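This report refers to the structure that appears directly beneath it.
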There are 2 protein chains.
Amino acid sequence: MSGEIAAPSRGARKKRTNDPEGMRRRVLDVAEVSFQSRGYHASSLGDLMAAAGVTGGALHHHFPTKKALALAVIEERVAAAVRETWIEPVLAASSAREGVRAVFEAVAAELELQGYVRGCPLNNLAHELSLADDEFRAVLAKIFAGWRQAIADKVRADQRDGAERGTDPDRFAALTVAAYSGAMSMAKTSQDASVLRECLKGLEGLQLSSGRPTRKRRRRLLL
Amino acid sequence: MSGEIAAPSRGARKKRTNDPEGMRRRVLDVAEVSFQSRGYHASSLGDLMAAAGVTGGALHHHFPTKKALALAVIEERVAAAVRETWIEPVLAASSAREGVRAVFEAVAAELELQGYVRGCPLNNLAHELSLADDEFRAVLAKIFAGWRQAIADKVRADQRDGAERGTDPDRFAALTVAAYSGAMSMAKTSQDASVLRECLKGLEGLQLSSGRPTRKRRRRLLL
DNA sequence: GACAAAACAGGACAACCGGTCTGTTTATGA
DNA sequence: TCATAAACAGACCGGTTGTCCTGTTTTGTC
């Protein structure tokens with residue numbers, strides 16, 4: 001109903017053009033949106049077929065089962081979303097702390113702009129599927145792990161530059177991802193993105209020690 | 001199969017005893033477990049009826065629709081779970097910070113003991129239902145809000161005692177709940193509770209200012 | 001152009017789901 | 001005791017779901 005992506009025109013009849021990659025992409029487009037907003041179980045293949053303008057035969061040809069479709073969505077789309085909105089921006093930032101801040105800001109701004117919080121794609125599917133099927137769970141866990149490791153690696157890079165001396169990289173990464181995921185959960189439930197900013201401010205005032213106190217006290221930055 | 005709670009004995013025939021409260025409780029018991037571990041959509045009323053040893057007539061008498069059952073589970077069971085495992089322990093603790101630490105520890109220990117992470121009941125249902133139905137969403141958001149407010153109130157109480165001078169109560173509460181929820185999400189997905197401890201350690205090294213720098217520097221406590 | 005494989009169409013189907021319905025048993029209380 | 005309502009039993013139904021199956025069309029290859 002709301003999110004029709006690209007149903008082929010009904011006017012052009014009779015002439016069919018085989019476009020396996022395009023058809024596969026259209027199905028994944030629709031499934032990605034529907035799985036995130038309505039969830040896996042609440043998304044019926046009939047709805048997806050109608051929204052994508054795809055017949056049952058074509059769908060079954062590319063994705064034999066619903067589970068296969070969901071696995072493709074997770075591995076190709078969800079993983080890419082995490083990479084594009086989190087991993088790459090953080091790695092490209094001047095520091096881990098600044099990267100995390102920028103992503104929080106960007107996501108909060110985007111949510112406030114569109115006035116609707118769909119939640120984190122990874123988190124949404126992880127909650128629904130990780131207990132239901134162990135194959136799902138393993139793939140989702142791998143994405144979470146990669147996300148955390150990217151942030152931790154960035155902190156280690158900062159440390160090689162002399163900064164973030166007193167920060168435990170893995171601890172910082174875990175807390176960042178957890179705070180973001182949890183904040184998104186609340187934002188989705190309350191349909192209000194302001195909690196993201198609240199948590200970001202909390203993280204900014206963070207002095208993450210790895211055990212012994214920080215040597216060089218850094219003044220709080222006032223951005 | 002696994003979580004049979006209290007199906008009435010099949011041996012005793014013919015004699016029926018009306019026990020509306022008991023029957024209602026048994027249904028809620030089963031539904032609470034199933035909704036949390038399998039999710040709302042994946043839990044069929046047939047399964048619940050079989051697990052609770054309840055006929056369709058009885059179920060429909062107490063809960064006219066599946067949605068009504070879920071609302072009852074949320075309002076009576078999920079809210080109570082948050083109250084018992086979070087709000088009451090934090091309010092009873094010597095300080096907000098200590099209360100939060102104790103709850104994190106207790107939950108992590110319990111999860112490691114039972115070797116299986118089912119996730120946070122509130123978070124699980126919030127993800128699946130808050131976008132599907134606005135009535136669900138409102139109830140779940142209310143529980144989240146109460147949870148946060150309780151922690152913030154405890155911080156304010158600490159401040160009246162002279163402690164936590166530089167901490168913004170709402171910010172601390174939001175970050176705490178977010179970190180816990182997110183950590184539970186990851187723990188559930190990886191089926192490993194250690195990330196909870198990781199996030200707790202991160203929160204413990206936290207210096208949450210409300211804007212201006214803390215007056216009296218407190219030495220890091222080494223618990 | 002012949003031929004095999006891939007790509008797609010579209011119907012069929014069995015299982016299941018949630019809700020409804022009618023009827024029977026138990027408690028209540030005047 | 002007897003009416004009345006609540007509590008419960010159990011069958012039933014329309015609709016939906018995911019999957020499968022049989023054809024037909026297109027594409028690639030020699």
Side-chain angles (χ1 to χ4, degrees), chain A residues 1 6-28 30-31 34-35 38-73 128-129 132-133 135-136, chain B residues 1 6-28 30-31 34-35 38-73 128-129 132-133 135-136:
Chain A
M1 311 298 176
S9 64
R10 282 270 162 259
R13 267 295 162 95
K14 209 70 185 193
K15 204 59 185 167
R16 195 182 96 195
T17 322
N18 278 10
D19 179 22
E21 286 123 13
M23 181 155 272
R24 201 185 121 95
R25 199 203 60 234
R26 257 184 300 150
V27 172
L28 285 177
V30 168
S34 185
F35 284 168
R38 273 175 266 186
Y40 174 79
H41 286 105
S43 299
S44 77
L45 293 182
D47 292 345
L48 298 183
M49 281 161 48
V54 165
T55 63
L59 178 61
H60 181 262
H61 177 72
H62 291 280
F63 307 101
T65 64
K66 191 183 182 184
K67 175 178 170 178
L69 173 58
L71 275 174
V73 167
E128 190 177 1
L129 300 179
D133 185 289
E135 203 169 343
F136 280 138
Chain B
M1 313 296 173
S9 64
R10 282 272 160 257
R13 269 293 163 95
K14 211 69 188 195
K15 203 60 184 167
R16 196 182 96 193
T17 321
N18 280 9
D19 179 21
E21 286 123 13
M23 181 154 272
R24 202 185 120 95
R25 199 202 60 235
R26 256 184 301 152
V27 172
L28 284 178
V30 168
S34 185
F35 285 168
R38 273 175 266 185
Y40 174 79
H41 286 105
S43 299
S44 76
L45 294 182
D47 291 345
L48 298 183
M49 280 161 49
V54 166
T55 64
L59 178 61
H60 180 263
H61 177 73
H62 291 281
F63 308 101
T65 64
K66 192 183 182 184
K67 174 177 172 179
L69 172 58
L71 276 174
V73 167
E128 190 176 2
L129 301 178
D133 187 288
E135 203 169 344
F136 280 138

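All chains are named by letter (A, B, ...) in the order of the sequence lines, taking the proteins before the strands, and each is independently numbered beginning at 1. From a predicted model like this one, the values you see are computed outputs, not experimental measurements.
Taking only side-chain nitrogens and oxygens, Ser44(B) never comes nearer than 4.0 Å to OP1 or OP2 of dC16(C). One finds no side-chain N or O of His61(A) lying less than 4.0 angstrom from the OP1 or OP2 phosphate oxygen of dC8(C). Proximity of His60(B) to the phosphate of dC8(D): no side-chain N or O atom is located under 4.0 Å from OP1 or OP2. Between His62(B) and dC8(D) there is a side-chain N or O to OP1 or OP2 distance below 4.0 Å.
For Lys66(B), whose side chain is taken as the heavy atoms from C-beta onward, the closest listed nucleotide among dG18(D), dG19(C), dA9(C) is dG19(C). Ranking dA27(C), dT27(D), dG19(C) by closeness to the Thr17(A) side chain, first place goes to dT27(D).
To the nearest 0.5 angstrom, Leu71(B) atom CG is 7.5 Å from Thr65(B) atom OG1. Between Leu69(B) atom CG and Arg24(B) atom CZ the span is 9.0 Å, to the nearest 0.5 Å. Note: Asp19(A) CG to Arg26(A) CZ = 7.0 Å, rounded to the nearest 0.5 Å.
Spacing between atom OH of Tyr40(B) and atom C1' of dC17(C) amounts to 12 Å, rounded to whole angstrom units. If you measure from atom CE of Met23(A) to atom C1' of dT25(D), you get 13 Å, rounded to the nearest angstrom. Taking atom CZ of Phe63(B) as the reference point, atom C1' of dC8(D) lies 14 Å away to the nearest angstrom. Look at CZ on Arg25(A): it is 16 Å from C1' on dA7(C), rounded to the nearest Å. One atom, CG of Asp47(B), and another, P of dA15(C), lie 16 Å apart when rounded to the nearest Å. What separates CZ of Arg16(B) from C1' of dC8(D) is a distance of 4 Å, to the nearest Å. In this structure, Leu48(A) atom CG and dT19(D) atom C1' are separated by 15 Å, rounded to whole Å. Across the protein-nucleic acid pair, Leu59(B) atom CG and dA11(D) atom P stand 16 Å apart, rounded to whole Å.
A residue-by-residue look at Asp19(B) and Ala42(A) shows that Asp19(B) has its nearest nucleotide of DNA chain D further toward the 5' end. Taking the nucleotide of DNA chain C with the nearest heavy atom to each of Asn18(B) and Gly56(B), the more 5' of the two is matched to Gly56(B).
For the pair Lys67(B) and Tyr40(B), the cation-pi criterion (under 6.0 Å, within 45° of the ring axis) is not fulfilled.
Shortest non-hydrogen contact noted between Ala52(B) and Val27(B) is CB-CA, 4.4 Å.
Across all strands shown, Thr55(B) has heavy atoms under 4.0 Å from base atoms, whether or not it also approaches the sugar-phosphate.
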